[in-house]
**Q** 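One structure follows; several queries about it will come next.
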Amino acid sequence: MKLFAIGDLHLNGKADKPMDVFGSNWDRHREKIFDAWQSLVSPSDCVLVPGDICWAMYLEDAVDDLNSIAELNGTKILIRGNHDYWWNTASKMNRFFAEHDWNTLHILHNNCYEY
């Protein structure tokens, strides 16, 4: 099992915040990130995602982005970033993840995980 970390995904699911305004290297950034993720990360690996996951304002608006992350290889441990306005309490997040059957997504907030 390998441990990876990637932050500042800034996925734009339902938000109208294209990242290519920051330069051509941001063209298709979602596809580039996800393609590299799938080629490097195996299902048994762990990926730490330390914040700024998506631009959604509300948890319901983050569903598409969270679902996309859940479908990627590996166990994902998410940490809230300063742009993650959609983030809720730990109990609400865990309940929301369970309701969507995202068993590969976990949050790190006043808890710990062993690697």
**Q** Rounded to the nearest 0.5 Å, what separation is found between the SG atom of C54 and the CG atom of D61?
**A**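 The distance works out to 8.5 Å.
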
**Q** Quick one, F97 and L78 - any side-chain contact, counting heavy atoms below 4.5 Å?
**A**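 Contact flag for F97/L78 side chains = yes.
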
**Q** Any heavy-atom pair between the side chains of L105 and I69 that's under 4.5 Å?
**A**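 Side chain of I69 against side chain of L105, heavy atoms only: contact under 4.5 Å found.
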
**Q** Show which residues join L48 in its hydrophobic cluster (side-chain heavy-atom contacts under 4.5 Å, direct or indirect), or state none.
**A**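 The other cluster members (ILVMFWY side chains, heavy atoms under 4.5 Å, direct or chained) are I77, I79, L108, Y113.
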
**Q** Kindly indicate, with the supporting measurements, whether the criterion side-chain contact (heavy atoms from CB on, under 4.5 Å) is fulfilled by D65 and R30.
**A** CA-CA 10 Å; D65 292 328; R30 179 187 187 108; 2.7 Å; yes

**Q** Test side-chain contact (heavy atoms from CB on, under 4.5 Å) on I6 and W37; report intermediate values, then the result.
**A** CA-CA 10 Å; I6 183 168; W37 187 313; 3.8 Å; yes

**Q** So V63 and W102, do their side chains get closer than 4.5 Å, heavy atoms only?
**A**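 Result yes, sub-4.5 Å side-chain heavy-atom pair found.
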
**Q** Tell me whether D45 contacts the main-chain N or O of S42 through its side chain, where contact means a donor paired with an acceptor under 3.5 Å.
**A** yes

**Q** For the pair K76 (side chain) and A70 (backbone), establish whether a donor and an acceptor sit closer than 3.5 Å, ignoring hydrogens and angles.
**A**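 Such a contact is found between K76 side chain and A70 backbone.
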
**Q** Work out which heavy atom in E71 is nearest to a heavy atom in Q38; give both atom names and the distance.
**A**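 Distance-wise, the nearest heavy atoms are O-NE2, 4.4 Å.
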
**Q** Please say whether more than 12 non-hydrogen atoms of neighbouring residues, nucleotides or ligands are located less than 6.0 Å from NZ in K32.
**A** yes

**Q** Evaluate the criterion side-chain contact (heavy atoms from CB on, under 4.5 Å) for residue pair W87 and I107; output intermediate values, then yes/no.
**A** CA-CA 10 Å; W87 194 280; I107 64 165; 3.6 Å; yes

**Q** When clusters are formed from ILVMFWY side-chain contacts under 4.5 Å, directly or step by step, what else is grouped with M57?
**A** Y58, Y85

**Q** Judged by atom type as modelled, is there a donor-acceptor pair below 3.5 Å linking the side chain of D52 to the main-chain atoms of N82?
**A** yes

**Q** Flag the pair W86 / I53 as yes when at least one side-chain heavy-atom distance between them is below 4.5 Å, and no otherwise.
**A** yes

**Q** Kindly compute the distance separating CE (M93) from CG (L59), expressed to the nearest 0.5 Å.
**A**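 The CE atom of M93 sits 6.0 Å away from the CG atom of L59.
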
**Q** Taking ILVMFWY side chains as joined if any heavy atoms are under 4.5 angstrom apart, and letting links pass through other members, which residues group with M1?
**A** L3, Y115

**Q** Is there a side-chain contact between C46 and F4, using heavy atoms and a 4.5 Å cut-off?
**A**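 Counting from C-beta outward, C46 and F4 never come under 4.5 Å.
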
**Q** Distance-only, no hydrogens or angles: does the H29 side chain make a donor-acceptor pair with backbone N or O of L11 under 3.5 Å?
**A**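 No, H29 side chain to L11 backbone: no donor-acceptor pair under 3.5 Å.
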
**Q** Quick check for you: to the nearest 0.5 Å, what is the distance between L66 atom CG and E60 atom CD?
**A** 11.0 Å

**Q** Quick one, T89 and H109 - any side-chain contact, counting heavy atoms below 4.5 Å?
**A**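 Result no, sub-4.5 Å side-chain heavy-atom pair not found.
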
**Q** Can you confirm whether L9 sits close enough to I33 that some side-chain heavy atom of one is under 4.5 Å from a side-chain heavy atom of the other?
**A**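 Answer yes - side chains close enough.
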
**Q** Checking N73 side chain against V41 main chain: does a donor-acceptor pair fall under 3.5 Å?
**A**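 Such a contact is found between N73 side chain and V41 backbone.
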
